[in-house]
Amino acid sequence: MKKVAVIGAGYAGLAVSIGLAHCNIKVRCIDIDERKIGQLSQGSVPIHEPEMEEMLRRQLAARRLTFSTDMIAGIKEADVIFIAVGTLGQEKGAPDVTAIFSVVDTIAQHVRKDVVIAIKSTVPPGTCEAVQARLREQVSSRFVCDVVANPEFLREGQALRDFLEPERIVLGGADERAITVMQELYASFSAAGVPFYTTDWRTSEMIKYSANSFLAMKVTFINEIARLCDAVGADVKVLTKALGADPRIGNQHLSPGPGYGGSCLPKDTEALALFARQAGAPLAIIEAVIESNRLQQKYVVEKMKREWSSMQGLCITVYGLAFKANTDDMRESPAIPVIDQLLAEGVQVCVYDPQAMNKACEIWGERVRYGMDAYDAAVGAHALVILTDWQEFTELHVDRLERIMAEKVIFDFRNACEAGIWRRHGFRYIGIGV
Ligand SMILES: NC(=O)c1ccc[n+]([C@@H]2O[C@H](COP(=O)([O-])OP(=O)(O)OC[C@H]3O[C@@H](n4cnc5c(N)ncnc54)[C@H](O)[C@@H]3O)[C@@H](O)[C@H]2O)c1
């Protein structure tokens, strides 16, 4: 049986590790973060991801999955090494592949048998080729180290389900044997009918960036249409249903909101736009998507400002801080620029999120108040603002809220709630594009 090492125990690396162990593969997951590895070894998942903890404990109990900070031991025993470390750059547009190359250098020094290195992280076109060249320079000719691009398409909030039931598996490489090793590893997926796309490194790398950029474009398109619906008095909720009924368009990723965020879409659109410019083939659409997403984050605040002559001194409660529901991830969350704008307007902000409160404290410290729950957060508020469509925000007791708020106003920037219920309680309900 092949032994697998997964390097990087973040959102992607954990889903890969637990998912592969679930498929009966022996996995050692390695990270430099000792605290994280300690928690995971004890069966505790340091991120919020549905089903993950339960499945982690099952794989630990079955001894198919282990966690370690000892990269060298992991490298020596593995037949396949997945690299799933972060690539989030400091500078806009430029992904940071330093962690990838640092891992590759360690592999090169300590590899003791033939190994396939699968790059799970999202990397710019040309990276896998550069990784292969680096290995060729450093590794003794006694061992074969082949690089395969194997981009990951999972979504946070349903990472395990997406990993285990993918729409496709992409394998890019220059060596047939390495591709075959990966196909064997994923045998249960091909048996389940998952389509495989086998190609070269650069095409694989481009597939991932194109997929994320397309998704960002779709979200941005409907955000712009929602702004126009606001301007002309049309209803974007009905519009999206009719639009999505056309299978060429499809109804997913067609809900307006405060702009896309997270660790992937902003980073990957910026990166694709940058490589395209550098390659002399600029992508006007993606450049426009990036700009339009910024406008959307401003637009929701502009919409709020229209309700009062001044926002100075108002108490506003923000529900939902994570970049989307079912995750605690606040990286590039639209809540950050929205709340920063409110603070700049002199608003007293109170925040509440079912999972992202610790991360919020790191961002705003004492500049905002933190609600113990949705009701505690709403005490004395002049308005509520929904930025993330957690289910709990669609099930709020409006009668309870009307008793504790100073003014009855709700901005539902995910169009998540039933407007009629709020209006029956005398609330001014303001959605987006409705
Ligand atoms: N998060 C997602 O939804 C998602 C989906 C698909 C692809 N990806 C891609 O996967 C990659 C990882 O993303 P993520 O969200 O899991 O990141 P993350 O920040 O959650 O996790 C990265 C992990 O790598 C570890 N790490 C960093 N340097 C290391 C090193 N030298 N050795 C060992 N471990 C190291 C960090 O400690 C961290 O635990 C990125 O390229 C991302 O674009 C992410």
Side-chain angles (χ1 to χ4, degrees), residues 5-19 28-40 45-50 52 67-75 78 81-90 94-110 117-124 127-128 131 149-163 166-170 204-205 207-213 215-216 260-272 322-333 359:
V6 177
I7 302 181
Y11 289 85
L14 274 180
V16 173
S17 303
I18 300 170
R28 183 187 289 258
C29 179
I30 300 152
D31 202 289
I32 43 173
D33 185 334
E34 284 180 18
R35 222 177 106 217
K36 204 181 244 188
I37 289 299
Q39 274 178 278
L40 287 161
V45 173
I47 53 172
H48 175 76
E49 189 55 51
M52 202 174 250
F67 291 92
S68 170
T69 51
D70 187 348
M71 201 179 307
I72 296 168
I75 289 167
I81 302 173
F82 283 89
I83 301 183
V85 296
T87 47
L88 205 54
Q90 297 299 324
D96 185 352
V97 290
T98 329
I100 305 251
F101 281 96
S102 139
V103 169
V104 168
D105 288 342
T106 313
I107 295 174
Q109 279 167 36
H110 298 283
I117 295 158
I119 309 284
K120 265 281 166 212
S121 302
T122 303
V123 292
T127 306
C128 288
V131 167
N150 177 213
E152 180 53 53
F153 299 95
L154 61 82
R155 287 161 287 182
E156 286 176 25
Q158 52 187 84
L160 268 172
R161 203 181 331 140
D162 280 351
F163 178 78
E167 271 102 21
R168 76 296 216 188
I169 290 178
V170 173
S204 301
E205 292 160 337
I207 289 169
K208 175 64 190 173
Y209 280 104
S210 311
N212 273 359
S213 297
L215 293 172
Y260 62 77
S263 67
C264 294
L265 299 196
K267 158 175 84 70
D268 296 348
T269 44
E270 295 267 5
L272 189 65
F323 82 96
K324 65 174 183 175
N326 301 321
T327 179
D328 58 349
D329 197 348
M330 282 199 62
R331 289 178 287 185
E332 300 272 332
S333 170
K359 292 190 175 157

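Counting starts at 1 for both ligands and their atoms, following the listed order. Side chains included, hydrogens not; waters and symmetry mates left out as well; all remaining heavy atoms used.
- Listed by atom number, the atoms of ligand 1 under 4.0 Å from K36 heavy atoms are 38 (C), 39 (O).
- The shell of residues lying under 4.0 angstrom from ligand 1, judged by heavy atoms, excludes R155.
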side-chain contact (heavy atoms from CB on, under 4.5 Å), that's the test. Do F153 and E167 meet it? Break it down for me. CA-CA 9 Å; F153 299 95; E167 271 102 21; 5.9 Å; no
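- Ligand 1 has no N or O atom lying under 3.5 Å from any N or O atom of D33, backbone or side chain.
- Comparing heavy-atom distances from atom 44 (C) of ligand 1 across A84, C264, A211 singles out C264 as nearest.
- Distance from atom 43 (O) of ligand 1 to its nearest protein heavy atom, with residue and atom name: K267 NZ, 2.7 Å.
- In terms of polar-atom proximity, K208 is not counted as a contact of ligand 1, lacking any N or O under 3.5 Å from an N or O of the ligand.
- With values rounded to the nearest 0.5 angstrom, S210 atom OG is found 11.5 Å from E205 atom CD.
- Among all heavy-atom pairs drawn from E332 and G262, the shortest one is CB-O, 3.2 Å.
- Side-chain N or O atoms of D328 include none that pairs as donor or acceptor with a backbone N or O of I47 at under 3.5 Å.
- Taking 4.0 Å as the cut-off between side-chain N and carboxylate O, E49 and R161 do not count as a salt-bridged pair.
- Under a 4.0 Å criterion applied to the non-hydrogen atoms of G8, ligand 1 contributes the atoms 24 (O).
- The minimum heavy-atom distance between S213 and D268, with the atom names listed, is OG-O, 4.1 Å.
- No donor-acceptor pair closer than 3.5 Å links the side chain of T69 to the backbone N or O of I32.
- Taking a cutoff of 4.0 Å between a charged side-chain nitrogen and a carboxylate oxygen, R331 and D329 qualify as a salt bridge.
- In this structure a side-chain-to-backbone donor-acceptor pair under 3.5 Å is present from D162 to R155.
- In terms of protein heavy atoms, atom 19 (O) of ligand 1 is closest to R331 NH1, 3.1 Å.
- Protein heavy atom at the shortest distance from atom 5 (C) of ligand 1 is L154 O, 3.5 Å.
- Annotation: side chain to side chain contact (heavy atoms under 4.5 Å, CB included) contacts of P124 (sequence neighbours excluded): P95, V97, T127, Y209, F275.
- Interface atoms of ligand 1 facing G86, defined by a heavy-atom separation under 4.0 Å, are 12 (C), 22 (C), 24 (O).
- Atom 40 (C) of ligand 1 has as its closest protein heavy atom T87 OG1, 3.5 Å.
- Protein heavy atom nearest atom 21 (O) of ligand 1, with residue, atom name and distance: G10 CA, 3.1 Å.
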Given R28 and I30, is the side-chain contact (heavy atoms from CB on, under 4.5 Å) satisfied, shown in steps? CA-CA 6 Å; R28 183 187 289 258; I30 300 152; 4.1 Å; yes
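- In terms of protein heavy-atom proximity, atom 6 (C) of ligand 1 is closest to E152 O, 3.2 Å.
- The residue among I7, I30, D31, D268 with a heavy atom at the shortest distance from atom 37 (O) of ligand 1 is D31.
- Ranking protein heavy atoms by distance to atom 32 (N) of ligand 1, first place goes to M71 CE, 3.4 Å.
- In V123, neither the side chain nor the backbone holds a heavy atom less than 4.0 Å from any atom of ligand 1.
- Between the side chain of S121 and the main chain of V85, a donor-acceptor pair closer than 3.5 Å is present.
- Under a 4.0 Å criterion applied to the non-hydrogen atoms of V103, ligand 1 contributes the atoms 30 (C), 31 (N), 32 (N).
- Scanning all protein heavy atoms for the shortest distance to atom 11 (C) of ligand 1 gives V85 O, 3.4 Å.
- Ligand 1 places these atoms under 4.0 Å from at least one heavy atom of A99: 28 (N).
- Taking any N or O of E156, backbone or side chain, at least one lies under 3.5 Å from an N or O belonging to ligand 1.
- Legend: residues meeting side-chain hydrogen bond (donor to acceptor under 3.5 Å, both in side chains) with N150, ordered by chain and number and at least two apart, are K120, Y186.
- Side-chain atoms of T327 do not come within 3.5 Å of backbone N or O of F323 as any donor-acceptor pair.
- For A12, a nitrogen or oxygen atom sits less than 3.5 Å from a nitrogen or oxygen atom of ligand 1, counting backbone and side chain alike.
- Annotation: T122 places an N or O atom under 3.5 Å from an N or O atom of ligand 1; distance criterion only.
- By the 3.5 Å distance cut-off applied to N or O atoms, Y11 is counted among the residues near ligand 1.
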